[in-house]
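Per chain, numbering begins at 1; letters A, B, ... match sequence-line order.
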Amino acid sequence: MNAPTTLMEEDRSASVRPHLRERLVVIGNGMAGCRAVEEILARDPNRFDVTIFGAEPRVNYNRIMLSPVLSGEKAFEDIIINGDDWYAENAITLVAGDPVVSIDRATKTVVAKSGRVEPYDRLLIATGSDPFIIPVPGKDLAGVVTFRDLDDVDKMLSAAEKGGSAVVIGGGLLGLEAAHGLSLRGMKVAVVHLMPTLMERQLDEAAGYLLKTELERRGQTIVTGGDTAEIVGRDGHVSAVRLKDGREFAADIVVMAVGIRPGTTLARAAGLEVERGIVVDDHMVTSDPAVMAVGECVQHRGNCYGLVAPLWDMCRALADQACEQPSGYEGSVTSTKLKVSGIDLFSAGDFSGGDGAEDIVMRDASRGLYKRVVVRDNKLVGAVLYGDTADGSWYFDLLRKGEDISDIREALIFGQAFASGGALLDPNAAVAALSDDAEICGCNGVTKGKVVATINGGACSLDAVRSTCKASASCGSCTGLVESLLASTLGGAVQSGPKTMCKCTSFSHDDVRRLILEKDLRAIPQVLQELHWTTPDGCSSCRPALNYYLLCAWPGEYVDDQKSRFVNERMHANIQKDGTYSVVPRMWGGLTNPRELRAIADVVEKYNAPMVKVTGGQRLDIFGIKKEDLPAVWADLNAAGMVSGHAYGKSLRTVKTCVGSEWCRFGTQDSTGLGVKLERMTWGSWMPHKFKIAVSGCPRNCAEATIKDFGVVCVDSGYELHVGGNGGIKVRATDFLCKVITEDEAMELCAAFIQLYREQAHYLERTAPWIERVGLDHIKAGLFDQPDTVKRLAARFRYSQTFCQDDPWAQRVAGEDADLHQHMAQVRPLQLEAAQ
Amino acid sequence: MIGDWLDIGPVDQITPGTARTLPVLGGDEIAVFRTQANEFYALINKCPHKQGPLSQGIVHGNVVACPLHNWNISLKTGEALGEDKGCVPTIPLRVDAGRIYLLRSAVVGKRAA
Ligand SMILES: Cc1cc2nc3c(=O)[nH]c(=O)nc-3n(C[C@H](O)[C@H](O)[C@H](O)COP(=O)(O)OP(=O)(O)OC[C@H]3O[C@@H](n4cnc5c(N)ncnc54)[C@H](O)[C@@H]3O)c2cc1C
Ligand code: HEM
Ligand code: SF4
Ligand code: FES
């Protein structure tokens, strides 16, 4: 074991002589390969003769620090881990710049590109991983680079010297670090990311949104949901990246950072067991006992890793085994930090939530903070931190150790300092102990003394406090404190205020609608952050409501969030109890013609619809259509000139008419014609709930206008307008709103009333309960108090309609959201069995 | 090993926060979910309440709200949450190198059931 150095030297020079020491050959001069050698040397410096092959023509360096080298924060010399002296001192032969091209396990030799043949007793494969290149046209053009080694960095730096634009494909850790580096080097950078959220494997939607906003603020263009179609070239060099949706981004360099694949080529060719990575046991030994593997190229207990932390434990287990003191590696829990200066971001563990998992969320919009910890069975199982990562290592430690956190649960989210201070008093008592001049509400500068005085002055609910002294009326982050003060000041006499929107927030619908406008909130994740939602991504009750409120507040700008819609609105058809859909084409004012009727009849036969029915709203309803057939059905109906009837939407449903003066002997006005005009004006609009209109030609009211949301009853002298009727569970006759003289006035008032309803009602509140809640006087005041409000409301309605009157069926027929109508695959068990 | 698992395609076929369906000839249709946090789950596409197609519900956290009567179903266990009682079978799923695999015996086994 203790062979003198001289003997070793002799040995190397004459390789024909039998070796006294085992020959260890390492393929890969990277982080894991060299670390493994270090660990072995530390245990037994004389056990092996070590030869390391490295594809890169340089010594061992810290790969993760390539990012700061790219951004200019570090130089290559700063990131060398083991320089030439290390190899010399430990008598390690380094063969750099000469990759191994094959392994012959029978003769126990490896062959390098230069032809050099090296025999081994033990082989260690540490080939790391290869960047994944997406197979798009143009991927081989000059100027397309990956981000893996120093050569890649050099290529990026020489491109950056000339300035210009860079496109980074991939918004994960590597891509964002590349983008950051290139933009610090003065390039104009666009990041194209396939998924809707940046770093989606490490971040939840909320943190991803904050990150995106910050990067955009720094001048990067961030495209999420961007699917690259082609890398466009000019004279053999990249010039732009084109997306499938047609957008194009100029590029003097394209960095492909979409992921990595374990480097398994050599191992596979040598016949070792390889799945996704090289399969190793707990001692890092492959299917051949003489061959070990370590690092990103391995697959251990089904996992492949792409971070350095697991390497250290792997290398320890490997060295223990190689030196005959086997210990074993049991897999790693990993955490991620983004190395972009000025952005603090940390994530670890499992933050998918759900079952028995409790999310604790803290948001502080003014400081740009988002913290979320996930607890299951009294253990911390995941954490996402944005804006302040000081407690990251503490959380990570709790997570890895799986400690019981029940004692510190309440304070967990506030971090280590708070939780371990033993401060875990009753929160009410803690607030009561604050001094009178302690600030409770930072947004409105309200002190504890003022809040208590307000409560003593008669404000007995959260809402009363909010409206009286403004505490907690803006961002809501101090709601908990105000509630504590209410409890400690009034004891049991606290009144609950208006219902909150859902369990995710302390705000009511009205608060949320007001704050969306006041704080200029334009996306669901932004609302959740700014209004301190207590859940990471809302729930099935607030998401659809927020989607509607934003759509209503920002017509033409807000991009509808499909996944926040109930099934019917997502599928543009009505789901039935057997999971099929019914289809109702629009028939303007209840009128139809032979061409439409023929098309409907044909559809019924072609798709075997089991039933067709005349509806209460004067439409034909085709039942039993499968989701896969919907686009084809719509295409046929479109061809006959029919569009979506929106029988599925929280939107204008139907305008029911009677035959009116054109045919009926009692008719006073053209009720049918007015109905058609009203329907042309209002179709396609999104509303808090469904909305029905009817027009009757005389007070006999055959179209039942007085149980509609908006009803017109024609009389000789003009048009009587009625609102707030409902024929559902609780029948309510309309309230008479006013009488107008001309059709145009009737149209204008209809538009104004709808807009008032759209802007003020709560989501899922029909006009009837809305009017019961606010009172008819409020509606009349809202329309008539100022001389021009009707005009202004109507104008806002008409403006928002300019974005809504595209037939959604035609869009689907043209291929939009095709996924929603197609199965992802089909399983045919008989064939499968035959194939086995 | 791989033979036990049925490759049903790449992960990016499913937008986060949504589900897609997989009919099984002679068996129950399967719904494959992808949550906002990028977790994948597979369940029989039938709500334990009245067989609503869960694939069409709103996904929040790793829960889906059934499109028919809004029962909340855990994607992990298939159990109805809250006051509601019932359970839908889940199918073991794994994601490997960007592709989704279902446990073949669980998929095909459903045919006999
Ligand atoms: C820019 C960048 C930033 C990163 N940031 C972080 C971070 O912040 N945190 C973190 O945990 N991880 C980070 N990583 C990941 C981390 O660097 C890797 O997990 C780690 O380097 C893996 O070590 P390895 O030895 O398995 O592979 P590598 O370090 O890649 O070493 C493999 C070596 O083998 C060589 N090789 C391959 N094939 C052959 C062959 N046939 N013959 C000879 N030699 C061969 C390669 O040239 C390479 O030098 C980052 C990676 C990059 C590229
Ligand atoms: C005061 C009593 C009423 C009288 C005198 C009356 C008379 C008429 C007349 C003359 C027509 C036109 C028929 C035609 O020639 O096509 C008609 C149509 C109709 N009536 Fe009445 N009606 C009365 C009340 C009602 C009521 C209360 C309802 C339903 C609640 C009703 C429902 C209808 C319907 C659905 C139509 C067909 C309308 C259309 O689609 O054009 N009627 N009625
Ligand atoms: S409401 Fe009057 S005009 Fe219209 S069909 Fe009935 S009776 Fe005729
Ligand atoms: S069928 Fe799912 S909730 Fe009723």
Exercise. Around Lys650(A), counting heavy atoms of other residues, nucleotides and ligands shown, do more than 12 lie under 6.0 Å from its NZ?
Worked result: yes
Exercise. Tell me, side chain or backbone of Pro262(A) under 4.5 Å from chain B's heavy atoms, or both, or neither?
Worked result: neither
Exercise. If contact means a heavy atom pair closer than 4.5 Å, which residues of residues 202-212 of chain A contact chain B?
Worked result: Glu205(A)
Exercise. Are Ser564(A) and Ile58(B) close enough that some pair of their side-chain heavy atoms sits under 4.5 Å apart?
Worked result: no
For this session: Determine yes or no for a side-chain-to-main-chain donor-acceptor pair under 3.5 angstrom, with Arg570(A) supplying the side chain and Gln56(B) the backbone.
Result: yes
Problem set entry | Any residue meeting side-chain hydrogen bond (donor to acceptor under 3.5 Å, both in side chains) with Thr580(A), in chain and number order, not counting sequence neighbours | Asp578(A)
Exercise. Non-hydrogen atoms of chain B under 4.5 Å away: do they reach the side chain of Pro536(A), the backbone, both or neither?
Worked result: neither
For this session: Name the region of Leu102(B), side chain, backbone, both or neither, that has any atom closer than 4.5 Å to a heavy atom of chain A.
Result: neither
Exercise. Where do Met195(A) and Asp12(B) come nearest, in terms of heavy atoms and distance?
Worked result: CE-CB, 4.0 Å
Exercise. With sequence neighbours left out, what residues match Ile134(A) under side-chain contact (heavy atoms from CB on, under 4.5 Å)?
Worked result: Phe132(A), Val136(A), Ile169(A), Thr228(A), Met256(A), Val258(A)
Problem set entry | Part of Arg565(A) lying under 4.5 Å from any heavy atom of chain B | backbone
Problem set entry | From Leu820(A) atom CG to Thr15(B) atom OG1, the distance as rounded to the nearest 0.5 Å | 7.5 Å
Seminar exercise, completed: Scanning both residues in full, the closest heavy-atom pair of Thr21(B) with His823(A) reads OG1-ND1, 2.6 Å
For this session: Give a yes or no on this: more than 12 heavy atoms of other residues, nucleotides or ligands lie within 6.0 Å of atom CG of Asp7(B).
Result: yes
Seminar exercise, completed: Under 4.5 Å to a heavy atom of chain A? For Glu79(B) that would be neither
Problem set entry | Minimum-distance pair of heavy atoms, taken over all atoms of Gly579(A) and Pro53(B) | CA-CG, 4.0 Å
For this session: Could you have a look at Ala65(B), Pro23(B), Ala97(B) and say which one has the most heavy-atom pairs with chain A under 4.5 angstrom?
Result: Pro23(B)
Problem set entry | Part of Val64(B) lying under 4.5 Å from any heavy atom of chain A | neither
For this session: Look up atom OG in Ser541(A) and atom CG in Asn72(B), then write down how far apart they are to the nearest 0.5 Å.
Result: 10.0 Å
Exercise. Which bit of Arg34(B) is near chain A, if near means a heavy-atom gap under 4.5 Å: side chain, backbone, both or neither?
Worked result: side chain
Exercise. Is there side-chain contact between Gln36(B) and Glu200(A), with at least one heavy-atom pair below 4.5 Å?
Worked result: no
Exercise. Of the non-hydrogen atoms in Met824(A) and Leu22(B), which two are nearest, and what is the gap between them?
Worked result: CG-CD1, 4.2 Å
Exercise. Counting only N and O atoms by type, is there a donor-acceptor contact under 3.5 Å from the side chain of Arg201(A) to the main-chain atoms of Asn38(B)?
Worked result: no
Exercise. Salt bridge (charged side-chain N to carboxylate O under 4.0 Å, His left out) with Arg268(A): which residues, sequence neighbours excluded?
Worked result: none
Exercise. What is the distance from atom NE2 of His60(B) to atom SG of Cys539(A), rounded to the nearest 0.5 Å?
Worked result: 6.5 Å
Exercise. Which atoms form the tightest heavy-atom contact between Pro67(B) and Val567(A), and what is the distance?
Worked result: CB-CG1, 3.3 Å
